[in-house]
A.B. asks: 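Dumping the structure here so I can ask a few things about it.
Just so it is clear, the values below take in all heavy atoms, side chains as well, and ignore hydrogens, waters and symmetry mates.
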Amino acid sequence: MFAHGQTVIQYVEKLAPKVMALEGDKIGLHVGTLQKPVKKVMVALDVLESVVDEAIAGGVDLIVAHHAVIYRPLKHLRTDLPAGKVFEKLLKHDIAVYTAHTNLDVAAGGMNDWLAEAIGLENVEVLDVSYRETQKKLVVYVPHSHRDQVFRAISEAGAGFVGNYSHCTFQTDGTGTFLPREGTNPHIGETGKLEKVEEVRIETVITSARQNAVVKAMLAAHPYEEVAFDLIPLENAGASLGIGRIGKLPAELTLRELALQIKEHFSLQGLRVVGDLDAPVRKVAVVGGDGSSYVSKAVFRGADVLVTGDIGYHTAHDAQADGLFIIDAGHNIEKIMKEKLAAYLRASLHDAGYASEVVASNVHTDPYQFL
């Protein structure tokens, strides 16, 4: 059985909920429809014509991309121009395009965590908080026969996370009463007769970002025609998430050594470095993509060096004046998301019993070359 397009995206949004995206970011479904079975998914950094050609040749039904295929407002859709050809090919071959951008950057276990892990950082923290999770308590009453079924469903949908612990609930036994009125079709009991049923009260915590998914999973797993449940706002502080990460290297390196390690690990032709190449570095900030607006934050957080891309000339001077080293490895180091997100989706779909194939794009989309 192949996964429905919307099912694939539910897994994407479980990792990177849309609510985490920065304001105004162009995320979500850009082209096509998710209302179809998906035999093959391709994860891509950019949606260029060469990437679309790769998708067509590979029989791909859905592209999950990091960078938006529609970023600037379209003034026309001419198929005799490069941009129009991309959309023409996508539509002719029924290939949908979905974008997860800053929500994937912000997400725990997403883009910036992948980069921090690749660099080898320890004791990693968020560099610049942009999203604070709010929490709610979910309370649901379940007959004993379906206790485990509902418990598993809500846990797998994202309920019950407390720190690094999952599946956290509190369960108590009790007696539920109800009287099915005319027109009902009760799972237990008879219409017009007061019933008393031994039930279990399951309490757990959920984040607002996961609320819809958890409630949907709970209702699907619950046997009752009308489910009794409560959603109670909590004042407990949830996780603080945001753009970039900051942490420490396992051991001190020179700026030159770190730059060369990054160059090798990300298979780069070259990179730009600001600072004394022989100076020691230990505390490292990393921002995937364009990190020019996070230089001051890296300075404030005490980083020795910022690893990012798209640093401008005057921004480099400002960093230099503030004593912050920079390794500009380019925007394209975000290509790490292709294999990482593909592996996550592949495992998620396989575990759910779907036969849909997930691949990472092999097309190199960095426009820059070094001579």
A.B. asks: Quick one: do Phe229 and Val150 satisfy side-chain contact (heavy atoms from CB on, under 4.5 Å)? Show the steps, please.
C.D. replies: CA-CA 12 Å; Phe229 69 97; Val150 172; over 6 Å; no
A.B. asks: Does Arg152 come within less than 4.0 Å of Glu156, counting only side-chain N to carboxylate O?
C.D. replies: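 No salt bridge links Arg152 with Glu156.
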A.B. asks: Do the side chains of Arg282 and Glu122 get close enough for a salt bridge, i.e. N-O under 4.0 angstrom?
C.D. replies: no
A.B. asks: For a quick test of reading the model, state the closest non-hydrogen atom pair linking Leu231 to Gln211 and the distance between them.
C.D. replies: CD1-NE2, 3.5 Å
A.B. asks: Go through it in stages, so that I can follow the logic: the residues are His317 and Tyr313, the test is ring-ring contact (aromatic ring centres under 6.0 Å, His included), and I'd like the CA-CA distance, side-chain angles, deciding distance and then a yes or no.
C.D. replies: CA-CA 7 Å; His317 275 160; Tyr313 182 83; 4.6 Å; yes
A.B. asks: Crowded around Asp80 CG? As in, over 12 foreign heavy atoms under 6.0 Å?
C.D. replies: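 Yes, CG of Asp80 has more than 12 neighbouring heavy atoms, counting only those of other groups under 6.0 Å.
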A.B. asks: So does Arg245 pair up with Asp128, basic N to acidic O under 4.0 Å?
C.D. replies: no
A.B. asks: Are side-chain N/O atoms of Ser292 and Thr315 paired as donor and acceptor at under 3.5 Å?
C.D. replies: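 The criterion, which ignores hydrogens and geometry beyond distance, is not satisfied for Thr315 and Ser292.
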A.B. asks: Apply side chain to side chain contact (heavy atoms under 4.5 Å, CB included) to Glu133 and list each qualifying residue two or more places apart in sequence or on a separate chain.
C.D. replies: Met20, Tyr131, Thr207, Ala239, Leu241
A.B. asks: Do we see a donor-acceptor contact under 3.5 Å between the side chains of Glu195 and Thr177?
C.D. replies: no
A.B. asks: With the threshold set at 4.0 Å, does a side-chain nitrogen-carboxylate oxygen contact exist between Arg301 and Glu125?
C.D. replies: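 Counted as a salt bridge, because a side-chain N and a carboxylate O are separated by less than 4.0 Å.
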A.B. asks: Below 6.0 angstrom between ring centroids: does that apply to His222 and His146?
C.D. replies: no
A.B. asks: Taking the six-membered ring for Trp, are His67 and His331 parallel (under 30°), tilted (30 to 60°) or perpendicular (over 60°)?
C.D. replies: perpendicular
A.B. asks: Report yes or no: do Glu339 and Tyr344 form a side-chain donor-acceptor pair below 3.5 Å?
C.D. replies: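 There is no such pair between these side chains.
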A.B. asks: Between Asp278 and Arg256 (salt bridge meaning N to carboxylate O under 4.0 Å), is one present in this structure?
C.D. replies: yes
A.B. asks: Any Lys/Arg nitrogen of Arg201 or Glu203 sitting under 4.0 Å from an Asp/Glu carboxylate oxygen of the other?
C.D. replies: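 Between Glu203 and Arg201 there is a salt bridge, with a charged N closer than 4.0 Å to a carboxylate O.
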A.B. asks: Thinking salt bridges, do Asp230 and Lys137 make one under a 4.0 Å N-O criterion?
C.D. replies: no
A.B. asks: Just checking, any donor-acceptor pair under 3.5 angstrom between side chains of Asp46 and His66?
C.D. replies: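 Looking only at side-chain atoms, His66 and Asp46 do not form any donor-acceptor pair under 3.5 Å.
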A.B. asks: Take atom NE2 of His144 as the centre, draw a 6.0 Å sphere, and report whether it contains more than 12 heavy atoms from other residues, nucleotides or ligands.
C.D. replies: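 Counting neighbours around NE2 of His144, more than 12 heavy atoms of other residues, nucleotides or ligands fall under 6.0 Å, so yes.
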A.B. asks: Please determine, by modelled atom types, if Gln171 and Thr169 share a side-chain donor-acceptor pair under 3.5 angstrom.
C.D. replies: yes
A.B. asks: Would you call Glu49-Lys89 a salt bridge at under 4.0 Å N-O?
C.D. replies: yes
